[in-house]
> 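Let me give you the structure first, and then I'll get to my questions.
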Amino acid sequence: MEYLPVEVIGNILSRLGAARDVVIASSTCRKWREAWKNHLHTLTFNSNDWPVYHDLTRSRLEIIITQTIFQTNGLQSLSIIMDDVDEFSAAPLIAWLMYTRETLRQLHYNVSTTPNINVLEKCGRQRFESSPHSLPRVAVLNLVSIDIVMSDPQATMELTSNSLKDIYVEAICLDKIILEADSLEKLHLKDCTLDVFELVSKGKLKLLKIDDVSVIHLDIGESAENLEIVDVSNFTIMWSKFHHMIAKSSKLRRLRLWGVVFYDDDEAVDIETISACFPQLSHLSLSYELREIALHYGSEDSFKLENVVVLELGWAVISDLFSHWVAGLLERCPNLRKLILNYCSLQGVLIALEKI
């Protein structure tokens with residue numbers, strides 16, 4: 001162990017994760033303390049890791065976290081998950097973020113903060129950007145059940161980052177969010193209510209996932225060119241608009257439209273257009289209310305889904321339409337290897353068929 005480079009020891013300590021374990025391990029010798037100070041990149045405070053956390057007062061917890069963080073110099077990932085703590089003071093949270101702002105790339109934080117932190121005010125009332133009061137190097141951002149306070153009920157939240165690659169937004173109700181992220185690769189919206197969500201990016205987006213979201217206007221601009229995965233579930237869409245938004249995604253490999261509801265009763269997913277726009281598509285998952293219009297495929301030779309190897313179909317009500325729908329799709333997937341049929345009955349029956 002004495003011959004291990006201090007950087008390697010830092011990686012070992014980072015893999016421990018839990019702050020208490022890291023502190024204990026770093027007390028082994030001077031070399032390990034040096035690794036803790038200069039080469040630790042991951043630190044986690046989780047109330048499930050150490051029962052004593054539950055017995056500490058809020059102020060004592062804040063002091064312990066502050067002292068621990070301030071002994072490190074290069075944190076890239078910081079997690080503070082305290083399920084039994086009602087709230088933290090805003091001052092220590094700001095101190096933690098300011099101290100780690102030069103190196104921090106991931107932040108997981110689930111504790112309510114009082115008083116509320118006006119993020120817009122901290123960032124010049126405009127946006128997250130590369131300034132002394134922001135997080136310019138954050139690569140992964142999770143926004144979950146955040147209480148956002150704004151003086152103007154119609155105000156717009158603008159988030160800007162040149163380094164952000166992955167954003168997850170859950171359980172947020174807001175009028176408008178504008179996200180400017182030139183390097184963004186993954187966008188996941190879940191259980192949100194929004195009037196407007198706009199993404200401004202340089203087209204590096206690879207994954208778009210929307211799950212149980214209510215949004216009047218969704219716009220990803222010119223970001224669809226490199227999309228590889230589109231996963232939409234429990235979502236009401238106008239298919240023509242949605243398809244137009246992703247139509248340039250010629251690299252799309254996986255398309256999932258599950259439990260979608262159409263605005264227009266005469267609207268349905270155009271399989272022929274999917275075939276033409278997404279030539280690399282290999283996984284196709286569809287589940288929506290079937291109507292006669294969904295079966296208008298044209299002749300068997302009119303189009304093929306040549307690269308589709310996995311086809312997943314779902315339906316809620318047994319009818320002749322479904323069998324015709326499945327048959328029509330199978331005829332157009334000559335290289336299919338796996339077919340999965342999901343029947344959503346009261347018993348939740350799942351039927352899986354494989355075609356090799």
Side-chain angles (χ1 to χ4, degrees), residues 6 9-123 128 132-149 168-172:
V6 69
I9 297 173
N11 287 332
I12 294 173
L13 292 174
S14 297
R15 290 181 178 274
L16 292 178
R20 180 175 180 271
D21 295 340
V22 174
V23 171
I24 293 174
S26 65
S27 63
T28 303
C29 63
R30 181 177 57 82
K31 190 173 184 179
W32 282 63
R33 286 193 294 274
E34 180 187 350
W36 149 264
K37 182 178 180 180
N38 297 317
H39 300 285
L40 183 75
H41 53 74
T42 301
L43 192 59
T44 300
F45 299 87
N46 192 316
S47 56
N48 295 323
D49 291 340
W50 191 30
V52 176
Y53 280 135
H54 301 282
D55 301 326
L56 299 176
T57 63
R58 181 189 73 177
S59 59
R60 183 58 182 161
L61 264 177
E62 293 172 347
I63 291 172
I64 290 176
I65 294 174
T66 302
Q67 290 177 339
T68 306
I69 292 175
F70 280 21
Q71 291 180 59
T72 67
N73 288 328
L75 278 185
Q76 298 178 19
S77 176
L78 175 62
S79 296
I80 301 176
I81 312 296
M82 296 289 167
D83 293 330
D84 297 328
V85 177
D86 292 333
E87 59 186 23
F88 276 156
S89 299
L93 172 59
I94 294 173
W96 303 334
L97 297 180
M98 295 296 291
Y99 183 78
T100 59
R101 69 180 184 270
E102 295 298 328
T103 58
L104 195 67
R105 298 179 64 84
Q106 292 188 22
L107 174 66
H108 302 271
Y109 183 81
N110 78 329
V111 186
S112 298
T113 305
T114 183
N116 292 308
I117 299 176
N118 190 327
V119 178
L120 298 181
E121 181 178 349
K122 295 298 178 184
C123 302
F128 287 120
H133 302 292
S134 65
L135 304 174
R137 299 185 182 180
V138 171
V140 179
L141 178 63
N142 293 342
L143 303 176
V144 180
S145 300
I146 295 178
D147 183 15
I148 301 173
V149 178
Y168 174 74
V169 182
E170 179 182 350
I172 288 182

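Throughout, numbering of the chain's residues begins at 1 and tracks the sequence.
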> Is there a side-chain contact between Phe88 and Ile80 (heavy atoms, below 4.5 Å)?
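Yes, at least one pair of side-chain atoms sits under 4.5 Å.
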> Nearest 0.5 Å, what's the CG-OG1 distance between Leu93 and Thr66?
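If I round to the nearest 0.5 Å, the distance is 10.0 Å.
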> Any side-chain heavy atom of Leu16 sitting closer than 4.5 Å to one from Leu13?
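Yes. Closest side-chain heavy atoms under 4.5 Å.
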> With sequence neighbours left out, write down each residue that passes side chain to side chain donor-acceptor pair (under 3.5 Å) with Arg58, or none if nothing qualifies.
Ser89
> Ignoring hydrogens and geometry, is there a side-chain-to-backbone donor-acceptor pair from Thr103 to Leu75 under 3.5 Å?
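Yes.
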> Mark yes or no for whether Asp83, through its side chain, and Ser47, through its backbone, hold a donor-acceptor pair below 3.5 Å.
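A pair under 3.5 Å: no.
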> Give, for atom CD of Glu62 and atom OG1 of Thr57, the distance between the pair rounded to the nearest 0.5 Å.
8.5 Å
> Between Ile94 and Tyr99, is there a side-chain heavy-atom distance shorter than 4.5 Å?
no
> Taking all non-hydrogen atoms of both residues, which atom of His39 and which atom of Ser14 are closest, and how far apart?
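In terms of heavy atoms, the two residues are closest at O-OG, 4.2 Å.
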> From the options Val22, Asn11, Ile12, select the one residue that forms a side-chain contact (heavy atoms from CB on, under 4.5 Å) with Leu40.
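Output: one option passes, namely Val22.
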> Just verifying a value: how many Å separate Trp96 CH2 and Tyr109 OH, rounded to the nearest 0.5 Å?
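Answer rounded to 0.5 Å: 5.5 Å.
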> Any heavy-atom pair between the side chains of Asp49 and Arg20 that's under 4.5 Å?
no
> Are any non-hydrogen side-chain atoms of Ile69 and Phe45 less than 4.5 angstrom apart?
yes
> Does the side chain of Thr113 reach to within under 4.5 Å of the side chain of Glu87, using non-hydrogen atoms?
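Counting from C-beta outward, Thr113 and Glu87 never come under 4.5 Å.
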> Using the rule given for side-chain contact (heavy atoms from CB on, under 4.5 Å), can you reason through Ile172 versus Val169, listing the C-alpha separation, both sets of side-chain angles and the distance that settles it, and then say yes or no?
CA-CA 7 Å; Ile172 288 182; Val169 182; 3.7 Å; yes
> With no hydrogens and no angle check, just 3.5 Å: does a side-chain donor-acceptor pair link Trp32 and Ser27?
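Side-chain D/A pair, Trp32 to Ser27: absent.
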> To the nearest 0.5 Å, how far apart are CG in Leu43 and CD in Gln71?
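These two atoms lie 10.0 Å from each other.
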